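Data first, discussion second: the structure below is written as structure tokens.
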Amino acid sequence: MGKNEKMVQAITSREEDFSRWYTDICLRAELCSYSSVKGCIILRPYGYGIWELISCELDRRFKETGHQNVMMPLFIPEGMLQKEKDHVEGFAPEVAWVTHGGDEQLAERLCVRPTSETLFCDHYADIIESWRDLPKLYNQWVSVVRWEKTTRPFLRTREFFWQEGHTAHATEEEAVRETLDMLDLYAEFYQNALAIPVLRGLKSESEKFAGAVNTYTVEAMMHDGKALQAGTTHYLGDGFARAFDIQFTDKDNTLRYIHQTSWGISSRSIGGIIMVHGDDDGLILPPAVAPYQVVVIPIAAHKQGVGEKAAELVDRLKAAGLRVILDDSDRMPGWKYAEYEMKGVPIRLEIGPRDIEKGQCIAVSRDNREKRELPLDQAADLVPSLLEALHDRIYQKAKKSMESRIYDVESWDRFVETMEKTPGFIRAAWCGSEDCEAKVKEETTATSRCIADAKVPGSSSCVVCGKPALHTVFWGKAY
RNA sequence: CGGGGUGUGGCUCAGGUGGUAGAGCGCUUGGUUCGGGACCAAGAGGCCGCAAGUUCAAGUCUUGUCACUCCGACCA
């Protein structure tokens, strides 16, 4: 009744207008605000809190695998950016330039980094001499700028936050291994930290990173069936090394070019969290990256003992290492429920006079709204298992949702029809020609998302032209 | 960059044929409340996106511009 009406009024429903639902969440959950520069968003404390936790989760994994953090400058001299031909061509259209310092025009204009391959290369050329200097396993946490034409919060902003890993290796094998290892790390991160299932695979020639030999990707499916490129790892070969003359003396005393990789996950992943897990009442955050895993709401806080018991509960939860917020403001309880649901806080604990009599509190899970009574003295021990269960549920739900919308298609007519009528991915064979790929894009607006590891059983001819197929490809419309 | 939509207190919007700005919600203070978005009372808050133009007079008409938003082309 009144309840439902008001809750639906708060944000647009996903059914009604998914795009608007998305922006409503970003603003209403206070993840971000628009700034006065188009395409540049302000990360508010709650949104930044999520990014901080994403960073922590990833950074821990990077450190565990031997990577070190560094910081490169914000600017790239024009000449440096232009050293690798494919790379410049790929990025030139969206580069922002600094032309003046004060009133004086610069002798050479400076590009605001759209990515830092060239900066790392320039540095590597400086510090790498011997095989003993390798590998270099560097990463940096920075923002980069790409002057996009159309922008959306998190999904496509002109300035975005990310990590970019850049590694240098003595051999191709080692660099390729790093590229694949980081892809696995990304997939594991998405599953275990963000509860988002991903497909992984190789990008086609036309979709790969400018300057890379190979680009690998993790692709996630959003609630509306569209794909989100959630992270990429690139095997750069020795092309950059040749362009920047990065050589080392190998064990056999011969000069060799290094082999490089780069890989990144951006603040776009926050958009993924929203569009995979969110519902019509707001966000649903995976516990690992929820700024508050638990909200404690005292009921009738003015009544005797309630405030004290609530504070005590919060202390216990915090002592157990949980991220907890106490809302003892004089809002109505119902208002608070809706508010923290909007913000996607995984677990809500209600504690009122009736509970205190029974020595318990009520736990409500954000995703399914299931209520459970928790004895106060066991709450801190039980909440972690509630969080784990929530993580598993939202992961399984997302996984089923994705798997149920992957369609195996063998004919072109079916391909067009499926892409038009049923949102999701199509798994279909491909001959490898760019013409066929271009035709798909032209006629369906879908793109090849990635080349799957395994071939599709049974289908061996290209879904577009009918010639013998080389690959099985996932196709989809993408953000 | 093409096509559509929208810009008026913090938010959602109202302001026929031009005459110097309103409502609801929110906010502040005090009080009563509190198990799914409470109530009473008293307050604060707006050069109407920006810039030109027409006019005695522009939120209102003209032109330009900017921002947001949606749909396409390009990208994480």
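Just so we're on the same page: letters track the sequence lines, and every chain starts at 1. What you see is a predicted model, and the numbers here were worked out from it, not measured in a lab.
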Geometric class of the A:His223/A:Phe18 ring pair [parallel <30°, tilted 30-60°, perpendicular >60°]: parallel

Gap separating the SG atom of A:Cys40 from the CD atom of A:Glu159, nearest 0.5 angstrom: 5.5 Å

For atom CE of A:Met332 and atom C1' of B:C39, their distance in whole Å: 9 Å

Separation of A:Arg427 CZ from A:Ile406 CD1 (nearest 0.5 Å): 5.5 Å

Distance between P atoms of B:G24 and B:G49 (Å, rounded): 22 Å

Heavy-atom pair with the smallest gap, counting every atom of A:Phe474 and A:Ala452: CE1-CB, 3.5 Å

Nucleic acid contacts - residues 438-445 of chain A versus RNA chain B, non-hydrogen atoms under 4.0 Å: A:Lys441, A:Thr445

A:Trp263 and A:Phe62 aromatic centres sub-6.0 Å: yes

Touch class at under 4.0 angstrom, heavy-atom based, for A:Glu350 against every strand present: base

Phosphate-side-chain proximity, A:Lys38 and B:C68, N/O vs OP1/OP2 below 4.0 Å: yes

Lys/Arg-Asp/Glu bridge criterion (N-O < 4.0 Å) met for A:Asp279, A:Arg369: no

Whole-Å C1' distance, B:U20 and B:A57: 9 Å

Below 4.0 Å: OP1/OP2 of B:C34 and any side-chain N or O of A:His302: yes

Base-pairing mate for B:G72 - Watson-Crick or G-U, with both contacts under 3.5 Å: B:C1

Candidate nucleotides B:C75, B:G37, B:G35, ranked by approach to the side chain of A:Arg146 - the nearest: B:C75

Any-strand Watson-Crick or G-U partner of B:A51, both distances under 3.5 Å: B:U63

Whole-Å C1' distance, B:C13 and B:U8: 9 Å

Could you pull out all donor-acceptor pairs under 3.5 Å where a side-chain atom in residues 349-360 of chain A meets a protein atom, sequence neighbours excluded?
from: A:Glu350; atom 1: OE1; to: A:Tyr337; atom 2: OH; distance (Å): 3.3
from: A:Glu350; atom 1: OE2; to: A:Arg348; atom 2: NE; distance (Å): 3.0
from: A:Glu350; atom 1: OE2; to: A:Arg348; atom 2: NH2; distance (Å): 2.9
from: A:Asp355; atom 1: OD1; to: A:Gln360; atom 2: NE2; distance (Å): 3.2
from: A:Asp355; atom 1: OD2; to: A:Gly352; atom 2: N; distance (Å): 3.0

Check: A:His166 ring centre within less than 6.0 Å of A:Tyr124 ring centre: no

Complementary nucleotide for B:G9 - Watson-Crick or wobble, under 3.5 Å: none

Nearest-nucleotide 5' precedence on RNA chain B, A:Tyr479 against A:Lys336: A:Lys336

A:Arg331 side-chain N/O to B:G35 phosphate OP1/OP2 under 4.0 Å: no

NZ/A:Lys38: more than 12 non-hydrogen atoms of other groups inside 6.0 Å: yes

Paired nucleotide for B:A42 [Watson-Crick or G-U wobble; both distances under 3.5 Å]: B:U28

Closest nucleotide among B:G35, B:A67, B:G37 to the A:Ile362 side chain: B:G35

B:G3 versus B:G43 - spacing of their C1' atoms, nearest Å: 48 Å

P gap between B:U33 and B:A38, integer Å: 16 Å

Within residues 192-206 of chain A or reaching into it, pairs that qualify as salt bridge (charged side-chain N to carboxylate O under 4.0 Å, His left out) - sequence neighbours excluded: A:Asp184-A:Arg200, A:Lys203-A:Glu219, A:Glu205-A:Lys208

Side chain to side chain contact (heavy atoms under 4.5 Å, CB included) partner of A:Phe161, chosen from A:Val142, A:Leu43, A:Ile54: A:Leu43

Sugar-phosphate, base or nothing in reach of A:Asp355, heavy atoms under 4.0 Å: base

Spacing of CE belonging to A:Met402 relative to CE belonging to A:Met222, to within rounding of 0.5 Å: 9.5 Å

Same-atom distance (C1') from B:A52 to B:C66, integer angstrom: 14 Å

Touch class at under 4.0 angstrom, heavy-atom based, for A:Gly272 against every strand present: nothing

Selected nucleotide, minimal atom distance to A:Ser19 side chain, candidates B:C71, B:U33, B:A67: B:C71

Interface residues of residues 218-227 of chain A with RNA chain B (non-hydrogen, below 4.0 angstrom): none

Sugar-phosphate, base or nothing in reach of A:Pro93, heavy atoms under 4.0 Å: nothing

Whole-Å C1' distance, B:U6 and B:A41: 38 Å

Determine all donor-acceptor pairs shorter than 3.5 Å in which one atom belongs to a side chain in residues 287-314 of chain A; sequence neighbours excluded.
from: A:Gln293; atom 1: OE1; to: A:Arg323; atom 2: N; distance (Å): 2.9
from: A:Gln293; atom 1: NE2; to: A:Pro287; atom 2: O; distance (Å): 3.2
from: A:Glu312; atom 1: OE2; to: A:Arg316; atom 2: NH2; distance (Å): 3.3

Positions of residues 149-160 of chain A (non-hydrogen atom under 4.0 Å from RNA chain B), listed by number: A:Lys149, A:Thr150, A:Thr151, A:Arg152, A:Pro153, A:Phe154, A:Leu155, A:Arg156, A:Thr157, A:Phe160

